[in-house]
Every structure is written in C-alpha cells, then in structure tokens.
Number of protein chains: 2
Amino acid sequence: MAVAARTRSKRSTRENRRTAILEAAAQVFFEQGYAATSIDAIIERIGGSKRTIYNEFGSKEGIFTALVTENADAAVAALSVERFAARNLSEVLLEFGRRLLAIYMSPAVIGIYRSIMTEAPRFPKLAKAFYDKGPGRASDRLADVLEDAKARGEIQIGDCHLAADHFVGMLRDNLHLRVILGLRPPPSAAEAEAAVASTVNIFLYGIHGAKLPQRSKRGAQSGAMS
Amino acid sequence: MAVAARTRSKRSTRENRRTAILEAAAQVFFEQGYAATSIDAIIERIGGSKRTIYNEFGSKEGIFTALVTENADAAVAALSVERFAARNLSEVLLEFGRRLLAIYMSPAVIGIYRSIMTEAPRFPKLAKAFYDKGPGRASDRLADVLEDAKARGEIQIGDCHLAADHFVGMLRDNLHLRVILGLRPPPSAAEAEAAVASTVNIFLYGIHGAKLPQRSKRGAQSGAMS
DNA sequence: CAAGTAAGGTAACGTACCGTACCCGTCAAG
DNA sequence: CTTGACGGGTACGGTACGTTACCTTACTTG
C-alpha cells in the first residue's frame with residue numbers, strides 16, 4: 001500500500017521508517033512495559049511487517065535500547081545545551097527547576113521511568129546510562145552551581161551533592177509519582193510553576209523563613225503562561 | 001467440605017503454604033516484573049504444583065494483587081500505628097523521616113515500586129491503593145503536622161500539602177532511585193541518618209540558614225546506630 | 001529497458017506460558 | 001480398614017510471541 005511515497009530518496013524513507021517505528025514502539029513499550037510488548041503490537045500501529053524492524057534493530061532488546069537511549073538523549077538535551085546566565089541563585093534555581101520539571105513530566109521521560117524500573121535488572125547498562133545522563137547529570141550540574149555559591153559564601157551547606165539530590169527529589173515528588181502511576185494528568189503550566197516556586201522557596205529558605213508563595217494551588221485562574 | 005472445625009495442622013500448613021508462595025512470588029515478581037514472571041518460576045522456588053497456587057489465589061493477577069497489597073500494608077504499618085509524641089517540629093520531622101526512609105528502602109517497597117510502575121495501567125486500582133496507603137498517606141499525615149505548626153505560628157508556609165509532598169520527595173530522591181535501578185545497595189544506617197538529617201535541615205531552614213550538618217558523607221565511621 | 005539487489009511481506013517454526021485435567025499418594029474421619 | 005477429600009506431579013490445550021526462511025516487489029544501475 002505504501003507505494004506512493006517510495007520514489008523519494010531511499011535514505012529519507014528509511015529514516016522516516018525508523019522514526020515511525022520508534023514512535024510506535026514508544027507508545028507500546030512505555031505503556032505496556034517491555035515484557036508485555038509484542039513486536040506485532042508495534043507493527044499493528046504503523047503497518048508493515050516485522051521484517052522491517054528486525055532489519056533495522058536486530059532484536060526486541062535492540063529496539064528497546066535504541067528507544068530509551070535516543071529519547072533520553074533528546075530529553076536531556078534541553079538541560080545541557082545552554083549555560084545558565086546566572087545572575088542570582090534564586091533565578092538560577094527557578095530556571096533550572098522549570099526545565100527539569102518539564103523534562104520529568106514529558107511523556108518520553110515518564111515512559112522511560114515506567115519501563116526502566118522493572119527492566120533495570122535485565123538492562124543494567126541501560127539503567128546506568130539513563131541515570132547518568134538524566135537525574136545524575138542534573139544533580140551534578142546543580143551541585144556545581146551550589147559549590148560556586150558556597151565558595152562565594154552565599155549559602156551555608158555541608159554536602160552540595162546531597163543538597164542537589166534533595167532538590168531534584170523535591171521536584172520529582174509525589175506529583176511526579178502520581179503522574180507515573182496514571183492517577184492524575186501532567187501538571188498544567190500554572191501548577192508546574194507553583195511547584196517549582198515552592199520547591200525553590202523551601203530549598204533556599206526552608207519552611208521557617210519561607211517567603212509566602214503566591215498560593216496558586218486550586219485556583220488555576222491566576223497562572224500566567226511561561 | 002463445609003467442615004467448620006478443620007484440624008489444627010492442616011490449617012497451619014495451609015497458612016504456611018500461602019506465605020511460602022507469597023515469599024517466592026515476591027522474589028520473582030519484584031525482580032523480573034509481572035509480565036516476565038511465570039507461575040512455573042514461582043513453583044520452582046518452593047516445589048509443589050501450580051494447582052496449589054490456583055486453588056489459593058485463582059489467577060496470576062490474584063497472586064500479584066495479594067502480594068502487593070499485603071506487602072504494602074505490612075510496610076506502611078510502621079508509619080501508622082504509633083502517634084508521634086510531638087515535642088518540637090524538628091524532632092518530629094527527624095523521626096518521621098527516619099521511619100519513612102526505612103520503609104522506602106525496604107526490599108518489599110523497593111520491589112513494589114519496581115513492579116507497580118510498569119503495571120499501573122494494567123492494575124489501576126492496585127496503583128491507586130498503593131499510592132493512597134503509601135506515599136499519599138505519608139504526605140497527608142505530614143501535612144497535618146505542618147498545619148498544626150502553621151496554626152501555632154511556628155512556620156511560614158503557603159500550601160502545607162505541597163510542602164509535605166516536597167519533604168517526602170526529598171527523602172525519596174536520587175538515592176532511592178539509584179537503589180531501585182540497582183545502581184547501588186540500600187544505604188547504611190549512617191548514610192540513612194545523614195540523608196534524613198540533611199533533608200530535615202533543608203526543609204526547616206533552607207540552604208541559606210541551614211545549620212551545618214555533621215558532614216557524615218563518605219566517612220561512615222562516625223555514624224552511631226540510632 | 002533489462003538485470004541485479006535490497007527491502008518489505010507471508011507464513012511458519014520452535015518455544016513458552018496460563019490455566020486445567022487427570023492420576024497418584026497422604027491423611028483425617030468413621 | 002475403608003472412604004473421601006486435598007495437595008503434588010505430569011501432561012495437555014490453546015494461544016501468543018520472538019525470530020527466521022522464503023518469496024515478492026520496487027528501486028537502482030547500466
């Protein structure tokens with residue numbers, strides 16, 4: 001049936017086929033999990049034959065590995081490309097938190113979380129690669145920022161790595177868990193902004209000296225975009 | 001059947017059989033995941049026949065459901081039995097954090113996390129029950145404590161539920177994730193105590209006014225058993 | 001336009017697994 | 001001792017899955 005769009009460059013059709021396979025594989029793998037996913041289920045979504053998949057990825061493990069690594073790379077790219085034009089620590093943390101939360105809540109990362117947890121024993125190298133490139137890298141980068149601030153005497157803290165882990169943990173709290181478990185949809189822009197603001201506030205000042213955030217919990221009317 | 005007064009020994013053997021099955025099932029389900037686990041694999045660990053399992057649990061879903069609910073109940077019991085004899089907020093948070101982290105790091109809860117993430121779409125009721133009894137309940141209880149402290153004017157904070165989520169998120173940070181992914185063993189007592197202390201410190205005072213914790217990061221020598 | 005080649009489609013193979021049926025040994029009840 | 005119920009062992013039905021052998025098709029190269 002796909003005779004029409006064949007005359008194009010063979011290169012591009014092959015690329016398109018590959019990405020189409022990966023998109024379909026993402027839907028199935030990330031929703032059903034690795035073991036419960038069948039190659040046929042992927043094929044049903046895009047048509048064609050299993051032969052195409054095996055020509056491109058070699059095996060079921062191959063397609064899952066490619067899926068996780070490429071999605072993780074794409075997701076984490078948003079965090080590592082730019083340098084933060086740091087003015088004050090609060091602004092840096094807010095921007096860092098916004099980007100990190102957006103990554104965590106993206107469908108790709110949610111799907112990777114869902115599937116990699118169970119399959120970590122079967123794919124230890126994949127699990128390590130995902131952690132190192134994702135949460136580990138985020139924590140490392142934040143730790144660097146905190147080390148600088150500590151060296152400048154802006155903050156009083158013992159272990160910057162521990163604190164960085166706490167910060168990313170706060171962002172990835174029960175909200176993230178509920179989304180992963182399918183108990184609620186991803187947060188709206190206003191909810192995300194409120195969560196980031198609250199996280200930064202507590203991280204900087206604690207609940208003792210916290211400046212009251214703008215209480216945008218239920219009334220999503222006040223939230224402005226971006 | 002319908003014999004009310006069964007023999008003592010028969011009763012106990014049946015109970016023993018059930019718990020033995022659940023223990024073996026925990027090993028397989030929590031390590032391999034639901035879909036990749038076969039009933040035969042469970043039977044191989046304890047001997048016997050599949051017939052026993054199907055008589056007791058009815059189906060594969062039945063044994064998984066029983067496994068998750070019973071383990072979750074047992075784990076969360078440590079948090080809900082006692083009331084906290086609250087003296088000051090810091091002590092309450094420390095004690096709460098110690099218990100919660102111990103629960104999070106227990107093999108049963110680690111296993112539930114590993115398996116429930118992938119299977120949440122297949123077992124939505126189970127996922128909701130796990131969240132409500134586990135992280136949700138923890139957050140709710142902590143939110144109550146924070147509400148009280150807020151009412152007494154001890155802390156300045158907008159949304160206590162949001163803050164409670166942040167606290168449990170800090171406890172369940174990259175350390176928890178690394179354990180789930182099999183990248184490191186569960187923390188030692190000293191490491192856990194340091195993580196809890198750091199969490200409470202940041203939560204109360206932030207990284208600005210944080211009292212320097214006892215820096216027990218790598219040197220696990222200084223940690224004393226609680 | 002003709003031959004060659006690489007990719008896509010069909011169908012099958014071997015395997016594994018859930019759930020069940022059947023048979024046997026064991027043990028309590030009468 | 002007889003009887004009957006229950007757990008264990010084996011095997012099977014039906015099904016689904018990963019992977020591959022074989023064929024067909026369409027594009028590329030002269």
Side-chain angles (χ1 to χ4, degrees), chain A residues 1-25 27-29 31-67 115 118-119 122-123, chain B residues 1-25 27-29 31-67 115 118-119 122-123:
Chain A
M1 297 299 286
V3 191
R6 186 61 60 83
T7 54
R8 213 53 169 159
S9 165
K10 203 143 194 184
R11 199 68 175 276
S12 76
T13 45
R14 183 188 171 103
E15 289 287 324
N16 290 341
R17 204 87 183 109
R18 181 188 165 89
T19 59
I21 291 173
L22 284 179
E23 282 178 21
Q27 294 179 12
V28 186
F29 273 123
E31 188 184 337
Q32 319 243 359
Y34 176 82
T37 293
S38 70
I39 308 291
D40 288 322
I42 301 174
I43 285 300
E44 280 177 8
R45 303 214 167 210
I46 53 173
S49 129
K50 290 194 272 189
R51 194 67 229 196
T52 311
I53 289 185
Y54 280 92
N55 281 341
E56 185 69 31
F57 299 100
S59 70
K60 191 181 178 183
E61 293 192 2
I63 187 175
F64 183 69
T65 300
L67 177 66
S115 52
T118 307
E119 302 306 328
R122 193 192 306 266
F123 298 92
Chain B
M1 44 198 255
V3 181
R6 272 273 173 249
T7 314
R8 188 72 163 217
S9 63
K10 207 134 194 188
R11 198 68 176 272
S12 74
T13 45
R14 184 188 171 101
E15 288 287 325
N16 290 341
R17 205 82 187 110
R18 181 189 164 89
T19 58
I21 291 174
L22 283 178
E23 282 179 20
Q27 293 179 12
V28 186
F29 272 123
E31 188 184 337
Q32 318 243 358
Y34 175 82
T37 294
S38 70
I39 308 290
D40 290 320
I42 301 175
I43 286 300
E44 281 177 9
R45 303 214 166 209
I46 53 171
S49 125
K50 287 194 279 188
R51 198 53 201 255
T52 312
I53 289 187
Y54 280 93
N55 281 342
E56 185 68 31
F57 299 99
S59 68
K60 190 181 177 182
E61 293 191 2
I63 187 176
F64 183 68
T65 301
L67 177 66
S115 52
T118 307
E119 302 306 328
R122 193 191 306 265
F123 298 91

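Worth knowing before you read on, the calculation uses all heavy atoms, side chains too, and leaves out hydrogens, waters and symmetry mates. Just so it is clear: chains get the letters A, B, ... in the order the sequence lines come, proteins before strands, and each one is counted from 1.
A straight line from CD1 of I39(A) to P of dC17(D) spans 10 Å, rounded to a whole angstrom. Note: OH (Y54(A)) to C1' (dG9(C)) measures 15 Å, nearest angstrom. Regarding I53(B), its CD1 atom lies at a distance of 10 Å from the P atom of dC18(C), rounded to whole Å. I43(A) has its CD1 atom 15 Å from the C1' atom of dA11(C), to the nearest Å. To the nearest angstrom, P of dG8(C) lies 15 Å from CD1 of I42(A).
Phosphate contact (OP1/OP2 of dG7(D), side-chain N/O of S49(B), threshold under 4.0 Å): absent.
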Would you tabulate the pairs of protein nitrogen or oxygen atoms and nucleotide nitrogen or oxygen atoms of nucleotides 12-15 of chain D closer than 3.5 angstrom?
none

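In this structure, the side chain to side chain contact (heavy atoms under 4.5 Å, CB included) partners of S38(A), at least two apart in sequence or on a different chain, are D40(A), A41(A). Applying the salt bridge (charged side-chain N to carboxylate O under 4.0 Å, His left out) test to E23(A) and every residue at least two apart in sequence or in another chain returns nothing. With sequence neighbours excluded, no residue forms a side-chain hydrogen bond (donor to acceptor under 3.5 Å, both in side chains) with S115(A).
Residue pairs meeting the salt bridge (Lys or Arg N to Asp or Glu O under 4.0 Å) criterion with at least one partner in residues 56-66 of chain B, sequence neighbours excluded, are R14(B)-E56(B), R18(B)-E56(B). Sorted by first and then second residue, the pairs that involve residues 31-50 of chain B and meet ring-ring contact (aromatic ring centres under 6.0 Å, His included), not counting sequence neighbours, are F29(B)-Y34(B), Y34(B)-F64(B), Y34(B)-F123(B).
The shortest side-chain heavy-atom distance between L22(A) and F57(A) falls under the 4.5 Å cut-off.
Taking a 4.0 Å limit (strictly below) on heavy-atom distances, residues 55-67 of chain A reaches DNA chain D at S59(A), K60(A).
Atom-to-atom distance recorded for I21(A):CD1 and T52(A):OG1 is 6.0 Å, nearest 0.5 angstrom.
With dG9(C), dG19(C), dG7(D) as the candidates, the nucleotide lying closest to the side chain of R17(B) is dG7(D).
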Distance-only donor-acceptor pairs under 3.5 Å for side chains of residues 42-51 of chain B, two or more places apart:
{"residue": "R45(B)", "atom": "NH1", "partner": "Q27(B)", "partner atom": "OE1", "Å": "2.4"}
{"residue": "S49(B)", "atom": "OG", "partner": "R51(B)", "partner atom": "N", "Å": "2.8"}

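Of the residues near DNA chain D, Y34(A) and R51(A), the one whose nearest nucleotide (by heavy atom distance) lies more toward the 5' end is Y34(A).
Between A35(B) and A35(A), the shortest heavy-atom contact is CB-CB, 3.6 Å.
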